[in-house]
Amino acid sequence: MNNKSYILCILGFLASFSVDAGCISIRGSVRTQAINEFEQVGRIRLSSDAVAFKEALGLDEIEGGIHGTIDSQAMTIILHHQMGFPGVGSLTSEGDQAAIVGAPDSAGNYPVIEALKINQPTSPLNGAFYGWTFQNVIAKGIINLKTGANSFAVTGKMCR
């Protein structure tokens, strides 16, 4: 094996860690503002270190809008989301479960963890997301009941 072949072999081996059995690790951020006690709107940004993310979605990072509605505000908060990424596609989630996991800080920010149940896009109208599933998508962040401002870090996987 010559040096070029050896280097290509190593690069291929390392790239295989980025895409785990057809899955791409994703991360991102969400910032929303409450419109009222049952509705919020904002921005969502997703990215990944994997080359496959760019191959699948056309960009290293995608950004779009998010609209959320709250069905229940009991011990577990139940939400639904519509997410649109211009030029890329759209996603929806239903029955997301969020919970406040601690006391507020001095600014009134409550720590929250939310498990998103992103629907599998079943139509080519979903754009580049068509055929992908989303697994273990978790949003950790804060909500502020005084200002209505919310901020989350998102992690998970998208799989084919």
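As a basis for the values below, the full set of heavy atoms in this structure was taken, side chains included, without hydrogen atoms, waters or symmetry mates.
- In plain terms, the two heavy atoms of Ile113 and Lys140 that are nearest each other are CG1-CG, 4.0 Å.
- Looking only at distances, a side-chain donor or acceptor of Gln33 sits under 3.5 Å from a matching main-chain atom of Thr147.
- In terms of heavy-atom proximity, Ile143 sits nearest to Phe152 at CG2-CZ, 3.8 Å.
- Although no hydrogens or angles enter the test, the distance criterion places no donor-acceptor pair under 3.5 Å between the side chain of Asn126 and the main chain of Tyr130.
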inquiry  = With side chain to side chain contact (heavy atoms under 4.5 Å, CB included) as the criterion, how do Ile118 and Phe129 come out once you've worked through the C-alpha distance, each side chain's angles and the decisive distance to 0.1 Å?
reply    = CA-CA 11 Å; Ile118 298 175; Phe129 296 112; over 6 Å; no
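- The OG atom of Ser47 sits 9.0 Å away from atom CD1 of Ile62, with the distance rounded to the nearest 0.5 Å.
- Considering every non-hydrogen atom in both Tyr110 and Pro104, the closest pair reads CE2-CD, 3.4 Å.
- The two residues Phe53 and Leu46 have their closest heavy-atom pair at CZ-O, 3.8 Å.
- Note that CD1 of Ile70 is 9.5 Å distant from CD of Glu39, once rounded to the nearest 0.5 Å.
- Scanning all heavy atoms of the two residues, the minimum distance from Ala128 to Ala56 falls at CB-O, 3.5 Å.
- The NZ atom of Lys54 sits 7.5 Å away from the CG atom of Leu59 when rounded to the nearest 0.5 Å.
- Rounding to the nearest 0.5 Å gives a distance of 4.0 Å between CE of Met158 and CG of Leu57.
- The shortest distance between side-chain heavy atoms of Asn119 and Phe134 does not fall below 4.5 Å.
- In this structure, CD1 on Ile77 lies 8.0 Å from OG on Ser72, to the nearest 0.5 angstrom.
- For the pair Thr69/Gln82, no side-chain contact is recorded, criterion being any heavy-atom separation below 4.5 Å from C-beta on.
- A single hydrophobic cluster is not seen to contain both Ile138 and Trp132; linkage of ILVMFWY side chains at heavy-atom distances under 4.5 Å, directly or through other members, places them apart.
- Put simply, the residue from Asn144, Asn109, Thr32 that forms a side-chain hydrogen bond (donor to acceptor under 3.5 Å, both in side chains) with Asn150 is Thr32.
- Side chain of Asp71 to backbone of Leu79: no donor-acceptor contact under 3.5 angstrom is found.
- The closest donor-acceptor contact from the side chain of His80 to the backbone of Gly95 lies under 3.5 Å.
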query = Val154 and Ile26: side chain to side chain contact (heavy atoms under 4.5 Å, CB included), yes or no, with the steps?
reply = CA-CA 8 Å; Val154 177; Ile26 57 172; 5.5 Å; no
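- A side-chain donor from one of Ser151 and Arg31 sits under 3.5 Å from a side-chain acceptor of the other.
- Screening Thr155, Leu116, Leu91 for a side-chain contact (heavy atoms from CB on, under 4.5 Å) involving Val137 leaves a single residue, Leu116.
- Here the straight-line distance linking atom CZ of Arg160 with atom CD1 of Ile24 works out to 8.0 Å at 0.5 Å rounding.
- Put simply, the side chain of Thr133 never gets that close to the backbone of Gln120: no donor and acceptor are under 3.5 Å apart.
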request  = Decide side chain to side chain contact (heavy atoms under 4.5 Å, CB included) for Gln97 and Ile78; before the verdict, give the C-alpha distance in whole Å, the side-chain angles of both, and the deciding distance to 0.1 Å.
outcome  = CA-CA 5 Å; Gln97 296 184 1; Ile78 306 296; 3.7 Å; yes
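- Looking at every heavy atom in both residues, Ser48 comes nearest to Ser25 through OG-O, 2.5 Å.
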